[in-house]
**Q** 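After the structure tokens below, expect a handful of questions from me.
Just follow the structure's listing: the first ligand is 1, and inside any ligand the first atom is 1. Predicted model only: the values in this text are computed from it and were never measured.
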Amino acid sequence: MTAPQPETSSAVRTTCPYCGVGCGVLATPDGQGGAAIAGDPVHPANFGRLCSKGSALGETLSLENRLLHPSLDGARVSWEAALGAVAGGLRRAAETHGPDAIAFYLSGQLLTEDYYVANKLAKGFIGTPHVDTNSRLCMSSAVAAHRRAFGSDTVPGCYEDLDEADLVVLVGSNAAWCHPILFRRMVDARTRRGTKLVVIDPRRTQTAEEADLFLGLKAGSDTALFSGLLVHLAEAGALDDLFIAEHTAGFEAALDRARAIAPTPAAAAAATGLPEAEIGRFYDLFTRTRRVVTAFSQGANQSAQGTDKGNAIINCHLATGRIGEPGLGPFSLTGQPNAMGGREVGGLANMLAAHMHFAPEEVDRVRRFWGAPRIITGEGMKAVALFEAIERGRIRALWVMGTNPLVSMPRADAIRASLAKLDLYVVSEAVSDSDTARARGRRTVLLPALAWGEKDGTVTNSERRISRQKSFLKAPGEARPDWAVLSDVARRLGHAESFAYRSAAAVFREHAALSGFENNGTRDFDIGALSDIGDAAYADNPPVQWPLPRRGPSAAKGRQRLFADGRFYTFDQRARFVAVQPPALAQGTSAEYPLILNTGRVRDHWHTMTRTGKSPRLSAHRAVPFVEIHPDDAGPLGIADGAVAAVETAQGSVELEAIVTDGVRPGTLFMPMHWSDMNASKARVGAVVRGVPDPVSGQPELKATPARARALAHRSRGFLLTRGPAAAPAGWWWARATIQGGSALQFATQDGSREVALTMRGLFQGLELAEYADHARGRYRCAVYEAGRLVACLSLAPAEAKPDWEAAKALFAQDQPEGPARLALLSGRVAAEAAGPTVCACHGVGLDVIAGVIAAGAGSVEAVGAACRAGTNCGSCIPEIRKLLPGTLAKSAA
Ligand SMILES: Nc1nc2c(c(=O)[nH]1)N[C@H]1C(S)=C(S)[C@@H](COP(=O)(O)OP(=O)(O)OC[C@H]3O[C@@H](n4cnc5c(=O)[nH]c(N)nc54)[C@H](O)[C@@H]3O)O[C@H]1N2
Ligand SMILES: Nc1nc2c(c(=O)[nH]1)N[C@H]1C(S)=C(S)[C@@H](COP(=O)(O)OP(=O)(O)OC[C@H]3O[C@@H](n4cnc5c(=O)[nH]c(N)nc54)[C@H](O)[C@@H]3O)O[C@H]1N2
Ligand code: SF4
Ligand SMILES: [Mo]
């Protein structure tokens with residue numbers, strides 16, 4: 001008899017929970033709550049590769065900071081009591097104020113099954129239209145642009161198009177950091193077939209450093225650039241007249257408008273702030289190259305004119321008939337792992353379900369399918385309006401699921417204050433300490449959700465590919481899948497029959513059936529072929545691309561590209577050109593707020609850091625919240641590189657470490673969105689961002705808030721490393737990061753070395769303190785031992801001589817450092833070889849080491865890898881390594 005295989009012996013095929021690339025992951029559980037992580041070699045998104053975030057998934061699985069039990073107003077309660085409080089609160093809100101006093105705020109990180117049930121419950125059975133999602137902040141302008149152009153929210157192409165393009169234009173996308181595995185496909189295409197890369201971004205990002213042509217345009221001026229391109233295509237005789245005549249409408253009006261915005265390359269140059277010669281090169285490349293993919297992301301979407309940016313891009317593709325064929329097309333890069341799934345189920349306030357909206361026959365169809373007499377008949381409020389309605393007392397019950405709006409929503413301080421007006425505030429979360437989970441309404445219910453590795457369901461990536469996320473870990477504490485919790489609440493509200501799901505597979509079947517219901521090719525989203533997938537087939541379902549109808553040419557096998565036949569989902573099957581509005585630049589800047597604050601992402605953190613913040617590897621690349629500022633602005637303001645500066649807007653203020661760089665345009669600032677009140681004294685992006693919504697999509701402008709900056713004077717700077725997270729004394733500026741073997745605070749303070757020495761002695765009373773002090777020079781270092789074990793260490797210096805922490809971090813990784821290491825901690829001198837700031841997160845290789853091997857003769861990325869392993873695993877740091885090589889330095893300076 002053979003013993004059953006232990007759980008640890010086989011790898012589970014699942015999908016990375018981070019970005020919309022949707023890489024396949026092989027997770028091999030270790031039987032102790034952890035897992036070994038590898039790329040899935042057969043997944044068509046990544047063919048075995050993973051970026052730094054995906055590779056470090058194993059470091060984020062620990063249960064510390066997890067929400068493990070339901071709670072009511074801060075006290076642990078049973079599921080029974082929590083669900084009773086939710087159902088009771090929803091019922092009361094509906095009875096007293098009407099069902100539309102209830103709102104749901106969902107997330108592109110929910111699985112399709114969770115999303116489907118939430119949407120059905122709210123729109124079909126509770127009868128509130130106010131269901132929106134963080135995808136409003138992410139994809140909604142792309143959705144609106146698709147619908148205006150194609151009549152449907154369809155991404156026409158696929159990843160293979162990036163392999164097969166001769167020109168890839170990236171608009172407002174830092175793909176090297178945000179879609180790293182797709183970016184590697186683009187770079188590979190360059191090596192293989194000479195694909196050219198154009199990057200359009202007001203900031204010289206890591207992606208821009210890799211480009212053949214970088215267009216550092218003025219923030220918000222993209223519509224002028226692409227209007228100028230449309231005019232140029234017309235003048236150069238590069239239009240596809242047949243395609244325009246047979247498959248589109250509205251060309252003349254769009255071209256007239258483009259002529260009004262940017263009649264000549266010179267006009268486009270003036271509007272965008274770019275040299276005319278660069279514009280000429282771009283227009284020329286685009287005109288000459290048939291196989292062009294124009295991929296756009298948040299620099300396009302997160303804009304007060306985001307929908308027009310999308311349509312200005314799509315106009316150029318329609319005008320040249322460059323859509324629906326291999327190697328070309330407009331391509332919206334989705335951000336979250338299931339941004340697409342959310343759109344499929346209809347999670348946005350302006351959708352109903354399964355890519356249906358609110359035409360009477362659509363409402364009727366969904367009503368019949370769901371058996372939902374109370375179904376809503378029109379759009380609800382979009383995120384910005386929805387949260388404003390809470391401030392006005394219009395929304396009385398809010399259920400937040402899988403998102404952290406107190407960090408990620410614009411005007412987040414105002415939102416935080418308004419939550420107190422809610423009669424019911426429900427948060428479904430995987431962690432207990434997110435800013436949103438720690439906030440309070442009049443009645444607050446926290447519901448613990450299963451996290452990645454525990455939950456089970458499907459996600460859809462940027463190329464419409466549906467993949468499985470599978471559970472390979474035990475459900476911790478009392479955490480449950482969101483779809484099951486929603487179904488329980490539905491039952492308590494009297495809808496047991498319609499929510500009698502026994503598994504995620506059952507939910508998926510219903511979702512698939514709705515997509516195919518009375519479809520007959522009239523709706524793009526159709527996965528009817530999966531509507532009776534069995535439990536076993538669902539469990540093993542390989543990644544498939546929709547559409548996947550029961551009948552027709554792509555029946556049951558999926559389709560890579562749409563629109564090859566030139567037929568679109570408008571009533572006359574013609575695509576639409578859109579006459580876009582002229583760009584309105586630097587809106588709202590004034591003498592008081594003369595700068596423009598741009599926001600975005602760093603390579604190794606994911607959003608509000610509730611997961612990546614747990615990984616020492618991922619926390620090493622960028623460990624403090626920062627603001628990038630141009631030397632021309634920093635100089636007069638007295639802001640020095642590395643010092644702490646305040647960034648203030650009409651909405652609020654943050655305090656960040658300044659990086660003085662000509663990578664941002666003069667007059668602009670850039671700060672990352674990741675830090676929250678969990679891990680920094682004052683660095684929540686949402687506190688300062690204004691978020692004017694795009695008039696078409698309702699997506700808020702997150703890349704251009706009027707702002708000012710100011711130097712903040714501190715007496716001392718330092719770091720404190722501890723085994724567990726330490727709290728900084730009140731009044732200090734600080735940021736916390738996870739390090740190997742503990743937690744680190746970087747701080748700035750008005751205290752001098754004497755005061756800090758006293759603080760340390762107070763904090764670590766009774767333990768052995770080894771100290772070095774030079775109070776005359778404001779320096780103090782201290783190592784704290786408990787029975788020989790190093791438990792804390794601190795280094796303090798005058799603010800302008802901020803101590804470097806790399807060496808101390810390396811020593812702290814040892815539990816019981818020996819003599820020389822103990823001395824090094826105090827002397828501040830590095831005993832071991834200096835590594836410098838981490839560049840390669842996978843192998844922990846620092847800048848100094850890489851610079852060293854380059855100085856010693858390593859002349860290529862490959863040679864650097866051979867010499868010190870940097871860049872040899874996930875490759876996310878290759879752009880940074882390339883920048884250190886002598887040849888590229890010259891190129892980027894040009
Ligand atoms: N490492 C990492 N990767 C991620 C995420 C993460 O949190 N961390 N999040 C995922 C999610 S949800 C998303 S939505 C994607 C986002 O992926 P991206 O859109 O690539 O990332 P962002 O940094 O938000 O913004 C991209 C760029 O837009 C530029 N930009 C600002 N204003 C303008 C403008 O007016 N015009 C143009 N052309 N560009 C402009 C910014 O300078 C920035 O470099 O990343 C996904 N991947
Ligand atoms: N200023 C500025 N603001 C931005 C952006 C920007 O570029 N600039 N980008 C915007 C964009 S594109 C996005 S996508 C958003 C992202 O912003 P958020 O969605 O607010 O950020 P996350 O940190 O991803 O929050 C997801 C939360 O869901 C929890 N979670 C994870 N899995 C599950 C689950 O299965 N169930 C439940 N119930 N919870 C779960 C996580 O613990 C985490 O707290 O931010 C937006 N805000
Ligand atoms: S590119 Fe990185 S973060 Fe995105 S899905 Fe792949 S491994 Fe995950
Ligand atoms: Mo996003």
Side-chain angles (χ1 to χ4, degrees), residues 15-23 25 39 45-46 49-55 57 67 107-111 114 134-135 137-139 170-175 177-183 200-203 205 207-208 215 217-222 225 296-303 309 333-337 339 400-410 427-431 434 436-437 447-452 454-455 461 481-482 598-612 664 670-674 676 685-686 688-689 691 700 702-705 874 876:
T15 311
C16 175
Y18 297 124
C19 83
V21 178
C23 296
V25 168
N46 58 318
R49 288 169 162 177
L50 293 177
C51 77
S52 50
K53 293 180 297 300
S55 320
L57 273 166
L67 180 65
S107 163
Q109 291 168 77
L110 296 173
L111 302 174
D114 301 324
N134 63 0
S135 287
L137 315 182
C138 181
M139 301 314 312
L170 286 171
V171 188
S173 155
N174 186 9
W177 282 9
C178 296
H179 296 92
I181 298 302
L182 277 190
F183 188 69
I200 300 170
D201 192 312
R203 205 162 55 103
T205 58
T207 311
L215 301 177
L217 82 186
K218 281 192 213 159
S221 65
D222 306 68
L225 183 66
F296 57 104
S297 188
Q298 300 315 339
N301 296 335
Q302 282 172 351
S303 155
K309 286 186 183 181
L333 297 175
T334 55
Q336 298 180 91
V400 178
M401 191 173 273
T403 172
N404 194 1
L406 291 198
V407 182
S408 56
M409 270 294 292
V427 180
S428 289
E429 245 303 342
V431 303
S434 78
T436 300
L447 303 173
L450 294 181
W452 185 79
E454 301 151 7
K455 59 185 181 178
N461 73 6
D482 293 311
N598 176 10
T599 63
R601 293 159 168 78
V602 303
R603 191 189 77 189
D604 287 353
H605 276 306
W606 176 261
H607 296 166
T608 70
M609 254 195 250
T610 54
R611 288 174 286 168
T612 48
V664 292
F670 174 83
M671 79 173 273
M673 65 168 294
H674 307 291
S676 69
V685 79
V688 282
V689 169
L702 301 175
K703 303 289 196 225
T705 301
C874 80
S876 300

**Q** Would you mind listing which atoms of ligand 2 come within a distance below 4.0 Å of any non-hydrogen atom of V689?
**A**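 Answer for ligand 2: 1 (N).
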**Q** Show the atoms of ligand 2 that are less than 4.0 angstrom away from any heavy atom in G402.
**A**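 Per the distance check, 26 (C), 27 (C), 28 (O), 37 (C), 38 (N), 39 (N), 40 (C).
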**Q** Check whether K53 reaches the backbone of C16 with its side chain - one donor and one acceptor, N or O, closer than 3.5 Å.
**A** no
**Q** Please check if the side chain of T403 supplies one atom and the backbone of S107 the other of a donor-acceptor pair under 3.5 Å.
**A**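 Side chain of T403 to backbone of S107: no pair is present.
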**Q** Go through the structure and list residues passing ring-ring contact (aromatic ring centres under 6.0 Å, His included) with F296, not counting sequence neighbours.
**A**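 With neighbours one apart ignored, the set is empty.
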**Q** Does G108 offer a backbone N or O that forms a donor-acceptor pair with the side chain of N134 under 3.5 Å?
**A** yes
**Q** Using a cut-off of 2.8 Å, how many protein N, O or S atoms sit around atom 4 (Fe) of ligand 3?
**A** 1
**Q** Are the side chain of S173 and the backbone of L170 linked by a donor-acceptor contact shorter than 3.5 Å?
**A** no
**Q** Is the backbone of L137 close enough, under 3.5 Å, to the side chain of Q302 for a donor and an acceptor to pair up by distance?
**A** yes
**Q** Ignoring hydrogens and angles, tell me if any N or O in the side chain of T612 forms a donor-acceptor pair with the backbone of W606 under 3.5 Å.
**A** yes
**Q** Below 4.0 Å, non-hydrogen atoms only: which portion of S428 touches ligand 2? Side chain, backbone, both or neither.
**A**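 Both backbone and side chain of S428 come within 4.0 Å of ligand 2.
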**Q** Ignoring hydrogens and angles, tell me if any N or O in the side chain of N301 forms a donor-acceptor pair with the backbone of M139 under 3.5 Å.
**A**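 A pair under 3.5 Å: no.
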**Q** Is L450 in contact with ligand 2, taking contact as a heavy-atom separation below 4.0 Å?
**A**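 Per 4.0 Å heavy-atom rule, L450 contacts ligand 2.
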**Q** Within ligand 2, which atoms have a heavy atom of A449 less than 4.0 Å away?
**A**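 The atoms of ligand 2 under 4.0 Å from a heavy atom of A449 are 36 (N), 37 (C), 38 (N).
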**Q** I'd like to know if V407 contacts ligand 2, where contact means a heavy-atom distance under 4.0 Å to any ligand atom.
**A** no
**Q** Could you tell me whether a side-chain N or O of S135 sits under 3.5 Å from a main-chain N or O of C138, the two making a donor and an acceptor?
**A**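 No, the answer is negative, given that no donor and acceptor are paired below the 3.5 Å cut-off.
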**Q** Closer than 3.5 angstrom, by distance alone: can the side chain of S55 be matched with the main-chain N or O of C874 as a donor-acceptor pair?
**A**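 Between the backbone of C874 and the side chain of S55 there is no qualifying donor-acceptor contact (under 3.5 Å).
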**Q** What does the 4.0 Å heavy-atom contact list look like for ligand 1?
**A** C19, K53, C138, V171, G172, S173, N174, W177, C178, H179, I200, D201, P202, R203, T205, A219, G220, D222, S297, Q298, G299, K309, G335, Q336, N598, G600, R601, V602, R603, H605, W606, H607, H674, K703
**Q** Under 4.0 Å from any heavy atom of K455, which atoms of ligand 2 are there?
**A** 32 (N), 33 (C), 34 (C), 35 (O)
**Q** If you round to the nearest 0.5 Å, how far is CD of E429 from OG1 of T436?
**A**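 The CD atom of E429 is 7.5 Å from OG1 of T436, to the nearest 0.5 Å.
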**Q** Without swapping roles, check the side chain of H674 against the backbone of T608 for a donor-acceptor pair under 3.5 Å.
**A** no
**Q** Identify, with sequence neighbours excluded, every residue that meets side-chain hydrogen bond (donor to acceptor under 3.5 Å, both in side chains) alongside T334.
**A** S462
**Q** Determine whether the side chain, the backbone, both or neither of T403 has a heavy atom under 4.0 Å from any heavy atom of ligand 2.
**A** both
